[in-house]
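Read the structure below first, then the notes.
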Amino acid sequence: MLQVSVVRENIEETIKRLEIRNLPGKDLVAQIIELDDKRKKTQQELDAHLAEANSISKQIGGLFKEGKIEEANALKAKTSELKELNHQGTEALHATQEELKQLLYTIPNTPELSVPKGNTEEDNEIIFEQGELPSMDNDAKPHWEITEKYDIVDFELGVKIAGAGFPVYKGKGARLQRALVNFFLDNATAAGYREIQPPLLINEASGYGTGQLPDKEGQMYHTAVDDLYLIPTAEVPITNMYRDIILKKADFPVKNCAYTQCFRREAGSYGSDVRGLNRLHQFDKVEIVQLSHPDKSYELLDEMVDYIKTLLTKLELPFRILKLCGGDLGFTAALTYDFEVYSAAQKKWLEVSSVSCFETYQANRLKLRYKDKNGKMQLAHTLNGSALAFPRIIAALLENNQSEKGVKLPKALAEYTGFEYIN
RNA sequence: GGAGAAUUGGCAGAGUGGUCGAAUGCACUAGUCUUGAAAACUAGCGUACCGCAAGGUACCGAGAGUUCGAAUCUCUCAUUCUCCGCCA
């Protein structure tokens, strides 16, 4: 969440940045400052009362030691009123702090200043394109027909076992997925990311740490008995490894990656957007996560973008990169690039990666800090990106590479699958 | 799931009602000494909030309570360890 001290010191900038999201920046900043003023006032009053009570207690202690019992008892009588004041003051302070926290939970991250103002995905900026869009015959099949033809992904079977959005991968489909795990993890490792296998269920504190809670409560599967959530992305457990951690400057940048399954309820989605592999309740993804010194985070973001470019190049998929506009930006992000691959039979761009810098927004919730050269605590920056999400990669591979002989896999991937054709 | 023990600063570890934000050791930082290093010695060394400052307040797993006063007593919860049970 936003840091009140930073908001106070950068009022105009905060307003400007919130307005990029089409939010009433002026009102929000005014609310924050008003509540924080109230908090300060409440705290000052309480501190004064506590100081007085502490001082009296010390006097009483001294008097008892000197054996002046009567004087001590006389002082005791004076404290009951103070006690009540302290009790009320503490409650008032807690209430105000809670109020401020609840307000801050509802305010998303402030977009980086270069983020284009805009309302919908129409306003996202295309900043890079690579690869020619394959021209397909009119009888080119969408991937859900190809998966059925070769019996590699079974949607019906998933419905039987779990429900819609939980496909069963079979035979070469399953092996293709396994190949992608190794392909993505090997590449990430070569790029300097340490491989992690995190828990797939997380507690409430972790959900708050990276900002899924309270904002996206309904998007996560929740296990009621144990009060745990299924992860919607590896970002959550990987970033939360560093909750309440103080890093050394030499630790930067911290680079981790993880392959996990991801679970999303995606309530309210329907239609052709969710057909086949386009949107699932359970899917596989390799995530890369970095922790950065604040001065370096945008450099690292560019580095992550470059890395993902190399993956898509190796997979020989046409893709483009979008810089998300303020209206389309995720709740916790300051700047996000989306990668979309072109899926030829659907004639659609499919999002396969989202790479973001969160600046201190997550770090503030996580209390993820480092000591600067003056020995002062500072919040680190967090970044992450998908590298990559499997289902839509598979959709694009199947659609773009279909032929009479079957689906031809790119060379880089065939090395991992052990077969060149799905047929 | 049952029984017992524990949870203190980066780490180890003292502290059972008042001058304890907390001994001591290690680690760390700076300095002295040395050609350099090590050793030794000297000093410093938690976080957050309030305050121009002096200083104040809070924090000893979390939350509540008893008390004029709680790291220390009581209750609830969490976690860890040991033993038993179950188990991939």
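Quick caveat, the model's predicted, so the values are computed rather than measured. Per chain, numbering begins at 1; letters A, B, ... match sequence-line order. All values below come from the heavy atoms of this structure, side chains included, with hydrogens, waters and symmetry mates left out.
- Across all strands shown, B:U76 pairs with B:A62; the Watson-Crick or G-U wobble distances both stay below 3.5 Å.
- A salt bridge between A:K16 and A:E13 is absent, with no side-chain N of the basic residue lying under 4.0 Å from a carboxylate O of the acidic one.
- In this structure, B:G69 forms no base pair with any nucleotide, since neither Watson-Crick nor G-U wobble geometry is met with both distances under 3.5 Å.
- A:K78 comes within 4.0 angstrom of no nucleic acid atom, judged by non-hydrogen atoms across all strands.
- Figure legend. B:C87 is base-paired to no nucleotide; pairs are counted as Watson-Crick or G-U wobble with both atom distances under 3.5 Å.
- In this structure a side-chain-to-backbone donor-acceptor pair under 3.5 Å is missing from A:D36 to A:I32.
- The CG-C1' distance, from A:L228 to B:A78, rounds to 13 Å in whole Å.
- The ring of A:H293 has its center closer than 6.0 angstrom to the ring center of A:Y370.
- The pairing partner recorded for B:G55 is B:C50, the criterion being a Watson-Crick or G-U wobble arrangement whose two distances lie under 3.5 angstrom.
- As a whole-Å value, the separation of A:L247 CG from B:G10 P is 14 Å.
- Remark: P of B:C49 and CG of A:L100 are 12 Å apart, rounded to the nearest angstrom.
- In this structure, B:G9 makes no Watson-Crick or G-U wobble pair, since no nucleotide meets both defining distances under 3.5 angstrom.
- Residue whose closest nucleotide on RNA chain B sits further toward the 5' end, between A:I246 and A:R39: A:I246.
- Whole-Å rounding puts the A:R8 CZ to B:C49 C1' distance at 13 Å.
- As a whole-Å value, the separation of A:D244 CG from B:A48 P is 13 Å.
- Here the C1' atom of nucleotide B:G18 and the CD atom of A:E66 are 13 Å apart, to the nearest Å.
- Applying the ring-ring contact (aromatic ring centres under 6.0 Å, His included) test to pairs two or more places apart or on separate chains, those with a residue in residues 201-247 of chain A are A:Y105-A:Y208, A:H222-A:Y229.
- Atom CD of A:E45 is separated from atom P of B:G51 by 13 Å (rounded to the nearest Å).
- With hydrogens and angles ignored, the 3.5 Å screen pairs a side-chain donor or acceptor of A:N240 with a backbone N or O of A:V236.
- Within a 6.0 Å radius of NZ in A:K367, other residues, nucleotides and ligands contribute more than 12 heavy atoms.
- An OP1 or OP2 oxygen of B:U47 is reached within less than 4.0 angstrom by no side-chain nitrogen or oxygen of A:R369.
- Nucleotides B:G63 and B:A12 have their P atoms positioned 22 Å apart, rounded to a whole Å.
- The stretch residues 194-203 of chain A has no heavy atom under 4.0 Å from RNA chain B, so no residue of it qualifies as close.
- Nucleotide B:A14 forms no Watson-Crick or G-U wobble pair with any nucleotide shown, as no partner meets the under 3.5 Å limit on both distances.
- Taking the ring centre of A:Y259 as origin, the terminal cationic atom of A:K285 falls outside the region bounded by 6.0 Å and 45° from the ring axis.
- Across the strands present, B:G4 finds its partner in B:C81; the criterion is a Watson-Crick or G-U wobble pair with both atom distances under 3.5 angstrom.
- With a 6.0 Å cutoff to the six-membered ring centre and a 45° limit on the axis angle, A:K255 counts as a cation-pi contact of A:Y193.
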Per-nucleotide protein contact string for nucleotides 56-70 of chain B (B base, S sugar-phosphate only, - none; heavy atom under 4.0 Å): BSS------S-BBS-

Step-by-step ring pair (Phe, Tyr, Trp, His ring centres under 6.0 Å) determination, A:F263 to A:F283: CA-CA 7 Å; A:F263 304 89; A:F283 65 98; 8.6 Å; no

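- Remark: the separation of the P atoms in B:U24 and B:G46 is 13 Å, to the nearest Å.
- For the pair A:R365 CZ and B:A48 C1', the interatomic distance rounds to 19 Å; values are reported in whole Å.
- Using Watson-Crick or G-U wobble geometry with both donor-acceptor distances under 3.5 Å, B:A43 finds its partner in B:U29.
- Counting only distance, with no hydrogens or angles, the side chain of A:D123 and the backbone of A:N119 share a donor-acceptor pair below 3.5 Å.
- In this structure, A:K408 does not pair ionically with A:E316, as no charged nitrogen and carboxylate oxygen lie closer than 4.0 Å.
- For B:U47, one of the phosphate oxygens OP1 or OP2 lies less than 4.0 angstrom from a side-chain nitrogen or oxygen of A:K371.
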